[in-house]
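What you see below is based on every heavy atom in this structure, not just the backbone, and it leaves out hydrogens, waters and symmetry mates. Everything quoted here is computed from the prediction, not taken from an experiment.
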Amino acid sequence: RHKDGSWRSFEYAVADLLQNPEVRGIVAVCRDVTERQKFESALAASERRYRLLAEQNLAGVLRTTVDGRILDSNPAAVRIFGYADADELRSRAAAELFFDSEDCVPYMDRLVSEGTVSNVEIAGVRKDGARITLLENGSLWRDDELGPVVVRTFFDVTDRVQLEIQYRHLQKMEAIGALAGGLAHDFNNILTVIGGYGEELLRDLSDGSRAHRYATEIGVATRRAAALTRQLLTFSRKQVLEPQVVDLNALASA
C-alpha cells in the first residue's frame with residue numbers, strides 16, 4: 001500500500017544469506033510493476049475485443065502473406081468458403097479461393113502498389129466448387145515478424161447479384177411487353193379497318209363467286225391476325241376488353 005493510500009504491485013526477488021554464519025537474514029529486491037501490469041491488462045483487453053470482433057463479425061476476414069499463405073481466418077470466412085474449420089481453410093493457398101486464379105495477380109498487384117482496395121467484386125469459389133461473388137476490401141499491413149501481410153474483409157453478395165440479374169431481366173421483359181402492346185394496338189386498328197371493309201364486300205358479292213371466296217378468306221385471315229394481337233396484348237398485360245352478353249342470374253347462382 002502506497003503512502004498516498006493507493007495499492008501498487010511489486011515484483012520481488014529474494015535471496016537468503018544463511019550460508020554465512022556471521023549474517024543471519026535475507027536480501028529482498030523489489031520493483032514497482034504497477035504501470036506494466038496496467039499496460040498488460042489493457043493489451044489483453046484489446047486482444048479480447050479484437051478477437052470478439054473478428055469471431056462474431058458477419059464479414060469474412062482473412063490474414064495472408066503477400067505470396068498467398070493464409071495465416072488467420074474468422075468463422076465467417078470458414079462458413080462463406082464452405083470449409084469444416086479454420087485449420088482446413090488455412091491449409092489452402094489464398095489463390096485457390098479465387099474462382100479464376102488469374103484474378104489473383106491483378107488484385108495483389110493493385111493491393112501492393114496502392115496499399116488498399118475498396119468495394120471490389122471478386123468471383124470466389126467454395127470448397128464444393130460452387131462459384132460465389134464477394135464484395136471485398138483489402139489492406140496491406142506490416143507485421144514485425146512476417147513483414148507485409150494482407151488483411152481481406154469480404155461479404156458474400158451472390159444472392160444480391162442474382163437478384164440484380166433477375167431484376168434486369170424483368171426490366172427487359174417489361175420493355176419488350178410494352179413494345180409488343182403498342183404494336184398490337186396499332187396492328188389491331190389496321191385489322192379493324194380491313195375486317196370492316198371485308199364485311200362490306202361480302203354483302204355486295206354473290207355467294208359462290210370467286211370474289212366472294214376471296215373476301216371470305218380475307219375475313220378468315222383478319223380474324224386469325226386479331227387472335228394473334230390478343231396474344232400479344234396478353235403477353236404485355238394489356239388485353240383489350242371484349243364485351244359479351246352474360247346472364248347475371250346464372251353467374252350469381254353458380
**Student:** Is there a side-chain contact between I122 and T133 in this structure, where contact means two heavy atoms from C-beta onward sitting under 4.5 Å apart?
**Tutor:** no
**Student:** Does any part of the side chain of L71, heavy atoms only, come nearer than 4.5 Å to the side chain of R90, both counted from C-beta?
**Tutor:** no
**Student:** Closer than 3.5 angstrom, by distance alone: can the side chain of R126 be matched with the main-chain N or O of I80 as a donor-acceptor pair?
**Tutor:** yes
**Student:** Would a 4.5 Å heavy-atom cut-off, applied to side chains only, mark V27 and V14 as touching?
**Tutor:** no
**Student:** With ring pair (Phe, Tyr, Trp, His ring centres under 6.0 Å) as the rule and sequence neighbours excluded, what pairs involving residues 115-136 come up?
**Tutor:** none
**Student:** Excluding sequence neighbours, so at least two apart, what forms side-chain hydrogen bond (donor to acceptor under 3.5 Å, both in side chains) with K127?
**Tutor:** E88
**Student:** Is any side-chain heavy atom of E35 less than 4.5 Å from a side-chain heavy atom of R8?
**Tutor:** yes
**Student:** With sequence neighbours excluded, what pairs up with T222 under the side chain to side chain contact (heavy atoms under 4.5 Å, CB included) test?
**Tutor:** L191, I194, I218
**Student:** Do E164 and R160 sit within salt-bridge range, that is, some charged N less than 4.0 Å from a carboxylate O?
**Tutor:** yes
**Student:** Does R1 have any side chain to side chain contact (heavy atoms under 4.5 Å, CB included) partners at least two apart in sequence or in another chain, and if so, which?
**Tutor:** W7
**Student:** Quick one: are H212 and S206 in side-chain contact, heavy atoms under 4.5 Å?
**Tutor:** no
**Student:** A side-chain contact here means heavy atoms from C-beta on lying under 4.5 Å apart; do L134 and T158 qualify?
**Tutor:** no
**Student:** Please go through L201's hydrophobic cluster and name the other residues, only I, L, V, M, F, W, Y counting, with side-chain heavy atoms under 4.5 Å joining them.
**Tutor:** L205
**Student:** What ring pair (Phe, Tyr, Trp, His ring centres under 6.0 Å) pairs are there with at least one residue in residues 58-84, not counting sequence neighbours?
**Tutor:** F81-F154
**Student:** Considering residues at least two apart in sequence or located in another chain, which fulfil the ring-ring contact (aromatic ring centres under 6.0 Å, His included) criterion with F98?
**Tutor:** Y107
**Student:** Does any part of the side chain of L140, heavy atoms only, come nearer than 4.5 Å to the side chain of V66, both counted from C-beta?
**Tutor:** yes
**Student:** Tell me, please, which residues at least two apart from N119 pass side chain to side chain contact (heavy atoms under 4.5 Å, CB included).
**Tutor:** L135, N137
**Student:** Are V193 and Y214 co-members of a hydrophobic cluster defined by side-chain heavy atoms under 4.5 Å apart?
**Tutor:** no
**Student:** Name all residues meeting the side-chain hydrogen bond (donor to acceptor under 3.5 Å, both in side chains) criterion together with H2; count only those two or more places apart in sequence or in a different chain, and write none if there are none.
**Tutor:** D4
**Student:** For R110, enumerate each residue passing the side chain to side chain contact (heavy atoms under 4.5 Å, CB included) test, keeping only those at least two apart in sequence or located in another chain.
**Tutor:** E114, V117, V120
**Student:** Under the side-chain hydrogen bond (donor to acceptor under 3.5 Å, both in side chains) test, which residues partner Q171, sequence neighbours left out?
**Tutor:** Y167
**Student:** With sequence neighbours excluded, tell me which residues meet side-chain hydrogen bond (donor to acceptor under 3.5 Å, both in side chains) with D159.
**Tutor:** none
**Student:** I need the minimum non-hydrogen distance between L62 and S73, along with the two atoms involved.
**Tutor:** CD2-CB, 3.3 Å
